[in-house]
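Note on naming: letters A, B, ... go to the chains in the order of the sequence lines (proteins, then strands), and numbering restarts at 1 for each one.
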There are 2 protein chains.
Amino acid sequence: MLSSAEGFEYTPTEGLKAGLPTPAVINPHELNARTAETYDVIVIGAGYAGLITARDLTSQGRKVLLIEGRDRIGGRTWTSYTDGHAYEMGGTWIHWHQPHLWTEVTRYGLNNQIKDSLEMYPGSAPQSTYTGGSRKDWSLAEITAMQEKSAATFLAIDGKHPTEWLPYPHNPGYNRADYVKYDRMSVQDRLDQLDGVLSEEEMAFTKANLGALAGIDFAQISLFDIVQRWLLCGTTQEEYMNHMARYKLKCGQTGLARCIFDDACSTGKLSYSFSNPLKAINSSDPRRATVTCADGRMFSARQVVCTIPLTVLRTVGFFPELPPLKAEAIAKAKSNPIRKLHVQVEGKQWKSWAGAKFAEEELVMVMGESHSPSGKDTNLVAFHDGANIGDPRIKARELVKYFEGLHPDMKVKRFVFADYIGSPFSNGGWCVFQPDYMSKYLEALQEPVGNVKFASGDYSDGWRGFIDGAIEGGIIAARAVERDLRSPPRNPLTRSSRSSL
Amino acid sequence: MLSSAEGFEYTPTEGLKAGLPTPAVINPHELNARTAETYDVIVIGAGYAGLITARDLTSQGRKVLLIEGRDRIGGRTWTSYTDGHAYEMGGTWIHWHQPHLWTEVTRYGLNNQIKDSLEMYPGSAPQSTYTGGSRKDWSLAEITAMQEKSAATFLAIDGKHPTEWLPYPHNPGYNRADYVKYDRMSVQDRLDQLDGVLSEEEMAFTKANLGALAGIDFAQISLFDIVQRWLLCGTTQEEYMNHMARYKLKCGQTGLARCIFDDACSTGKLSYSFSNPLKAINSSDPRRATVTCADGRMFSARQVVCTIPLTVLRTVGFFPELPPLKAEAIAKAKSNPIRKLHVQVEGKQWKSWAGAKFAEEELVMVMGESHSPSGKDTNLVAFHDGANIGDPRIKARELVKYFEGLHPDMKVKRFVFADYIGSPFSNGGWCVFQPDYMSKYLEALQEPVGNVKFASGDYSDGWRGFIDGAIEGGIIAARAVERDLRSPPRNPLTRSSRSSL
């Protein structure tokens with residue numbers, strides 16, 4: 001198996017190794033990428049949004065050039081096979097309530113590939129929380145009750161369940177007044193209302209839970225954005241966990257991503273260029289957009305679909321300049337500082353263990369995910385704020401101590417992780433919006449600009465920050481492109497409504 | 001607006017009128033249907049399974065001939081505009097947890113078209129149940145508690161929640177042993193276990209609830225099939241109702257079906273023939289299948305997709321004969337005797353009213369769905385067993401009396417309904433399986449036979465009997481066809497696994 005230049009493995013004995021084996025790597029990295037040709041469509045980015053766009057358009061007979069900065073498919077979702085285990089380096093968990101994703105599961109016959117990563121292991125250590133500097137262990141019933149209460153209390157905003165003001169979670173703007181109202185509020189505003197309502201432990205758990213989504217600067221997280229995610233997951237903490245962190249694909253995320261990529265390849269209509277970062281998009285000519293790559297090559301197409309992550313868009317030159325609201329949205333985009341870290345620890349007893357710590361600006365949510373291939377050890381998944389316990393590339397030894405400090409029996413054998421925060425192709429984890437951002441900019445971010453369409457899970461209507469949202473964006477972009485290829489817009493700055501297809 | 005030959009309107013003053021106006025009618029009924037041509041694909045049936053197959057394949061550049069017995073698109077789902085109101089004549093309610101359907105909602109930009117048909121109307125009459133010959137009215141809190149208890153008790157089979165043995169509701173065969181065990185059990189077997197556990201009222205409500213799904217012959221309904229539907233809906237009575245009978249499309253089901261049909265037409269690759277019943281499919285030549293229509297015309301294609309409802313397949317001649325297990329499944333298919341009836345009643349007070357009656361082989365589930373366009377009356381939707389209160393075409397006057405007998409204030413103004421039971425194109429409502437049927441035949445029903453593929457919501461993996469299941473079948477069939485068009489099977493009887501695409 002080939003290795004991606006991305007990703008790291010650290011063991012206390014062998015130290016840090018860069019690069020991880022994955023079937024996501026595309027080799028050779030280029031196929032029929034011709035500067036002299038005018039493609040029907042150039043798709044920028046080979047994450048799910050880009051793969052779906054390329055698949056939909058090639059299957060319709062369109063000549064597509066896919067350009068990707070990385071050496072692999074999948075964007076912030078890829079599977080590395082390290083030490084015999086399938087490590088999901090980014091987006092991992094799926095659910096049949098994620099409609100666009102599940103439709104792909106059906107298309108590629110993968111509905112028999114679902115696996116429960118929260119399956120209870122009877123010999124597991126009890127779950128732990130950390131408050132006031134000390135660990136407390138919980139029975140499953142106790143912690144479940146505490147979690148349910150915390151979640152229900154947090155969500156009872158203005159005494160109402162959010163389904164009252166956001167009944168259709170895939171349509172955020174359905175009720176504009178409450179959209180603006182609760183988007184203006186921050187998660188911190190809501191936590192302030194619960195001061196004295198939740199116990200110290202409940203508050204710490206709530207903060208750890210929320211922090212794992214978007215970081216610990218709660219004043220910089222929109223309440224609406226968080227609540228919309230909750231509603232998409234159902235209305236209880238249990239359903240939230242079932243949707244967010246339970247079901248995986250046995251074939252790995254890269255298994256699904258390869259189905260889509262291979263499908264596009266099989267049409268004979270796909271050209272591609274990997275390891276080829278983008279520099280600029282010029283759409284001043286309505287008949288032919290041109291993209292310039294970092295190596296200086298220029299490629300042309302009648303239409304361009306840009307699936308670059310929101311926080312990376314500011315590094316791309318757009319000619320002509322983007323409309324003011326879209327440009328402002330890009331300038332104000334904030335990166336998510338949450339890191340995902342795989343921690344292999346000695347012993348089987350951590351399979352159903354989980355720990356939540358929020359204290360003095362310190363955040364960690366960690367949970368057992370699987371036994372190691374040897375059957376002797378456990379793979380944990382941890383989410384922590386990039387600022388608090390440090391960059392695992394630099395502070396690996398401190399991090400080993402940190403995790404071993406969570407429980408006297410814990411012994412770290414290995415870290416496996418990707419660096420989305422430091423990567424120029426992602427500049428942070430999945431997207432979560434700050435207050436006032438979504439209601440002001442979401443539509444502008446989705447809006448095409450002449451022959452350039454935009455698609456990303458960072459700014460989809462439904463499962464923003466999830467694979468499902470990326471696929472949603474890809475479906476809509478492919479459709480908008482197909483419409484314009486059949487009857488091109490007259491003016492490069494003509495905007496076309498997404499819903500009038 | 002054109003009228004379909006299907007559907008009926010009855011008013012006490014004007015009597016019965018056949019035929020209803022609907023944008024689902026296709027006129028002229030034929031386009032480029034040529035007996036001399038060999039199409040890439042013939043798709044039989046213009047319900048959702050057929051429309052999706054035709055759309056997917058024409059968008060991939062395949063020449064498709066769509067043949068439909070009715071004069072309209074939509075199969076058992078269509079919208080009639082009668083007296084200013086959009087009556088859904090069959091499949092109506094949708095939910096964003098129906099993944100394949102929601103993906104189409106996204107594709108056509110309809111996520112702003114969702115409407116709540118259970119929205120509470122404060123001036124409504126209280127809900128009613130009928131036990132022991134008398135009506136009882138309930139407060140919302142009382143009836144909700146009764147419903148939740150009845151559902152939870154029914155589902156606690158062998159003391160376990162069904163998610164324990166059917167954790168992935170889109171993969172019925174995941175746990176083969178329990179699949180066979182609970183598929184062998186009938187709903188009656190389960191009701192017998194609850195004799196004395198549920199009160200008379202709770203039992204009557206449970207029976208009305210179950211009977212509205214599949215009829216009152218509970219010994220002829222598979223427990224597994226019913227439970228799988230429950231799990232797809234979530235795990236509570238409230239979520240069940242939210243998924244089964246709450247959210248509609250403002251543009252009507254025909255609004256969505258037309259998006260798909262028009263999309264296929266816009267490729268320029270779709271030919272069609274409506275009002276053209278099918279007689280036989282001959283697939284003895286692996287290079288060219290031939291279908292014979294009732295009018296004697298024969299059409300040819302490299303591949304055929306048959307989306308005819310399960311209970312109608314027995315009227316089609318297959319040459320060569322179908323494999324024994326598939327033939328047996330078709331021979332044993334049972335039709336669902338449940339009728340859906342729209343009842344317009346005087347007054348606004350019925351909007352949030354509902355009634356459930358199960359007594360002496362008598363079943364009705366009726367609920368307020370909307371106010372009439374005048375704002376003065378209420379449109380109710382009723383489900384009743386075809387055998388108990390009679391065919392509304394013949395016994396309309398008795399039915400008026402029946403509904404007026406449910407409440408002293410009730411006055412019937414109009415019935416609007418389709419006759420799926422008497423129609424040769426459906427031979428019953430949506431499909432629900434009898435005991436032992438699903439575990440024995442589901443895979444065989446889905447299996448392609450050489451260049452003939454089969455797709456229907458009647459035998460999908462997930463939402464069987466729903467629009468979502470039909471779309472699931474269409475996606476899989478289109479993909480299987482596309483694979484075979486690229487590399488045709490050598491033998492007409494070669495079976496190809498659905499999951500090895």
Side-chain angles (χ1 to χ4, degrees), chain A residues 56 58-61 95-116 119 163 167-174 232 234-236 238-239 242 246-247 259 263 266-267 460-462 468 471-473 475-476 478-480 482-483 486 497-501, chain B residues 56 58-61 95-116 119 163 167-174 232 234-236 238-239 242 246-247 259 263 266-267 460-462 468 471-473 475-476 478-480 482-483 486 497-501:
Chain A
D56 277 7
T58 53
S59 82
Q60 289 171 45
H95 195 283
W96 42 95
H97 288 168
Q98 293 168 335
H100 312 96
L101 181 139
W102 194 262
T103 299
E104 299 305 323
V105 165
T106 293
R107 192 185 313 280
Y108 298 108
L110 304 178
N111 71 342
N112 59 354
Q113 290 285 315
I114 307 302
K115 177 188 161 76
D116 183 353
E119 200 179 24
T163 46
Y168 312 121
H170 285 266
N171 184 4
Y174 169 75
L232 285 161
T235 58
T236 61
E238 188 190 354
E239 280 302 300
N242 285 346
R246 180 156 194 172
Y247 301 109
C259 284
D263 196 1
S266 77
T267 61
S460 56
D461 275 336
D468 187 81
I471 296 176
E472 177 196 312
I475 291 168
I476 294 169
R479 195 160 166 77
E482 187 62 29
R483 177 201 53 205
R486 293 186 197 173
S497 160
R498 299 166 90 225
S499 59
S500 65
L501 302 178
Chain B
D56 277 8
T58 52
S59 82
Q60 288 171 47
H95 195 284
W96 42 95
H97 288 168
Q98 293 168 335
H100 312 98
L101 182 141
W102 195 261
T103 299
E104 298 306 323
V105 166
T106 293
R107 192 185 314 278
Y108 298 109
L110 305 178
N111 71 342
N112 58 356
Q113 290 286 314
I114 307 302
K115 176 188 162 79
D116 183 354
E119 200 179 27
T163 45
Y168 312 120
H170 285 266
N171 183 4
Y174 169 76
L232 284 162
T235 57
T236 61
E238 187 190 355
E239 281 302 299
N242 285 346
R246 181 156 192 171
Y247 301 109
C259 285
D263 196 2
S266 77
T267 61
S460 56
D461 276 334
D468 187 81
I471 296 175
E472 179 197 310
I475 291 168
I476 294 169
R479 194 159 167 79
E482 187 62 28
R483 176 201 54 205
R486 292 185 198 174
S497 160
R498 299 166 91 228
S499 59
S500 66
L501 302 178

Requested in this report: Under the side-chain contact (heavy atoms from CB on, under 4.5 Å) rule, what do B:E482 and A:S59 come out as? Steps first, then yes or no, please.
Outcome: CA-CA 10 Å; B:E482 187 62 28; A:S59 82; over 6 Å; no
Requested in this report: With side-chain contact (heavy atoms from CB on, under 4.5 Å) as the test, would you mind laying out the steps for A:H170 and B:N112 before giving the verdict?
Outcome: CA-CA 9 Å; A:H170 285 266; B:N112 58 356; over 6 Å; no
Using side-chain heavy atoms (C-beta onward) and a distance below 4.5 Å, is [X] in contact with [Y]?
X      : Y      : answer
B:W102 : A:W102 : no
A:D56  : B:R107 : yes
B:H100 : A:P99  : no

Given heavy-atom pairs under 4.5 angstrom as the criterion, report whether the side chain, backbone, both or neither of [X] touches chain B.
X      : value
A:I114 : both
A:I471 : neither
A:T267 : both

Rounded distance (nearest 0.5 Å) linking atom [atom1] of [X] with atom [atom2] of [Y]:
X      : Y      : atom1 : atom2 : value
A:N171 : B:L110 : CG    : CG    : 11.0 Å
A:H95  : B:Y168 : NE2   : OH    : 10.0 Å
A:D468 : B:T103 : CG    : OG1   : 7.5 Å
A:I476 : B:Y108 : CD1   : OH    : 13.0 Å

**Report entry** A:D263 with B:R483: basic N within carboxylate O range, under 4.0 Å
**Finding:**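 No.
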Requested in this report: Tell me, for B:L101 versus chain A, whether the close heavy atoms (under 4.5 Å) come from the side chain, the backbone, both or neither.
Outcome: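 Neither; nothing under 4.5 Å.
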